[in-house]
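Comments concern the structure below.
This one's a predicted model, so the numbers in the text were calculated from it and none came from an experiment.
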Amino acid sequence: VRLQASGGGLVQAGGSLRLSCAASGRTSFSNYALGWFRQAPGKEREFVAAINRSGLSTYYTDSVKGRFTISRDNAKNLVYLQMNSLKPEDTAVYYCAAADLRSQALAGSKSYDYDYWGQGTQVTVSS
């Protein structure tokens with residue numbers, strides 16, 4: 001599967017952005033558990049959120065709980081990350097990722113849990 005992330009940009013602290021990730025390929029989009037990661041300058045890539053194949057299960061890293069929402073539209077081959085109450089520390093390149101799972105389980109929070117990656121979209125939050 002090929003992934004293309006979009007929707008990043010420059011926003012003031014307290015603002016909102018919605019990231020999208022479009023998938024294409026032969027395998028059905030609903031076969032993949034999905035996740036969002038981010039990487040700030042000089043830091044390692046970190047897990048942000050994950051969603052299972054059906055979209056009924058999600059989980060988040062503690063720093064974004066209550067502010068970010070991951071969702072998916074299997075009919076449109078899209079996964080979203082709605083980001084509210086943004087903070088300067090949310091500034092990073094955001095990546096979507098897909099894991100080819102046979103079950104409805106969530107994929108993990110490590111990069112190696114995922115099989116495919118998008119190219120990233122820059123999110124900059126000014127103070």
Handout entry: Lys/Arg-Asp/Glu bridge criterion (N-O < 4.0 Å) met for Lys65, Asp62
Key = yes
Problem - Test item: Trp117 and Ser111 side chains (from C-beta on) under 4.5 Å apart, heavy atoms - result: yes
Practice task
State the OH-CZ distance between Tyr94 and Phe37, to the nearest 0.5 angstrom.
Solution key: 13.0 Å
Fill in the blank from the handout: Output for pair (Leu81 CG, Tyr60 OH), nearest 0.5 Å, gives 7.5 Å
Problem - Nearest heavy atoms of Ala40 and Ala92, plus distance in Å - result: N-CB, 3.8 Å
Problem - Arg18 CZ to Asn84 CG distance, which is reported to the nearest 0.5 Å - result: 11.5 Å
Completion exercise
Smallest heavy-atom separation, Leu3 atom then Ala98 atom, equals CD1-N, 3.8 Å
Fill in the blank from the handout: The single option from Tyr112, Tyr59, Tyr95 that satisfies ring pair (Phe, Tyr, Trp, His ring centres under 6.0 Å) with Phe47 is Tyr59
Handout entry: Side chain to side chain, Val1 and Thr27, heavy atoms closer than 4.5 Å
Key = no
Practice task
Return yes if some donor-acceptor pair links the side-chain N/O of Arg72 with the main-chain N/O of Gly55 below 3.5 Å, else return no.
Solution key: no
Practice task
Mark yes or no for whether Asn77, through its side chain, and Ser24, through its backbone, hold a donor-acceptor pair below 3.5 Å.
Solution key: no
Exercise for the section: Give a yes or no answer on whether the side chain of Arg53 reaches the backbone of Ser30 with a donor-acceptor pair at less than 3.5 Å. Expected result: yes
Handout entry: Leu86 and Phe68, any side-chain heavy atoms less than 4.5 Å apart
Key = yes
Handout entry: Test item: Thr121 and Val93 side chains (from C-beta on) under 4.5 Å apart, heavy atoms
Key = no
Exercise for the section: Spell out, yes or no, whether Leu19 and Val11 are grouped together once hydrophobic residues are joined by side-chain heavy atoms under 4.5 Å, including indirect joins. Expected result: yes
Exercise for the section: Might you point out which heavy atoms bring Gln39 and Lys43 nearest each other, and give the distance in Å? Expected result: NE2-O, 3.1 Å
Completion exercise
d(Ser126 OG, Gln12 CD) to nearest 0.5 Å is 5.0 Å
Exercise for the section: Kindly give the heavy-atom pair with the smallest separation between Val64 and Val48, and that separation in Å. Expected result: CG2-O, 3.7 Å
Exercise for the section: Answer yes or no: is there a donor N or O on one side and an acceptor on the other, between the side chain of Asn52 and the main chain of Ala105, under 3.5 Å? Expected result: no
Practice task
Would you mind reporting whether Val123 and Met83 have side-chain heavy atoms less than 4.5 Å apart?
Solution key: yes
Fill in the blank from the handout: Taken to the nearest 0.5 Å, the spacing of Cys21 SG from Gln119 CD works out to 8.0 Å
Handout entry: Intermediate values then yes/no, side chain to side chain contact (heavy atoms under 4.5 Å, CB included), Gln82 and Ser16
Key = CA-CA 8 Å; Gln82 177 67 44; Ser16 298; 4.0 Å; yes
Exercise for the section: Using a 4.5 Å cut-off on heavy atoms from C-beta on, say whether the side chain of Asp90 contacts that of Arg38. Expected result: yes
Practice task
In sequence, state the C-alpha distance, the side-chain angles, and the governing distance for Ile70 and Tyr80, and then conclude on side chain to side chain contact (heavy atoms under 4.5 Å, CB included).
Solution key: CA-CA 6 Å; Ile70 187 172; Tyr80 305 100; over 6 Å; no
Exercise for the section: Spell out, as yes or no, whether a donor-acceptor pair under 3.5 Å connects the side chain of Thr91 to the backbone of Val125. Expected result: yes
Practice task
Kindly compute the distance separating CD1 (Ile51) from OG (Ser71), expressed to the nearest 0.5 Å.
Solution key: 6.0 Å
Completion exercise
Taking every heavy atom of Ala13 against every heavy atom of Ser127, the minimum-distance pair comes out as CB-CA, 4.3 Å
Practice task
Find out whether Phe29 and Leu34 are in side-chain contact, i.e. whether some heavy atom of one side chain is under 4.5 Å from a heavy atom of the other.
Solution key: yes
Practice task
State, to 0.1 Å, how close Gly108 and Asp113 come at their nearest heavy-atom pair, and which atoms those are.
Solution key: CA-OD2, 3.0 Å
Handout entry: Note, Tyr114 side chain near Tyr32 side chain (heavy atom, < 4.5 Å)
Key = no
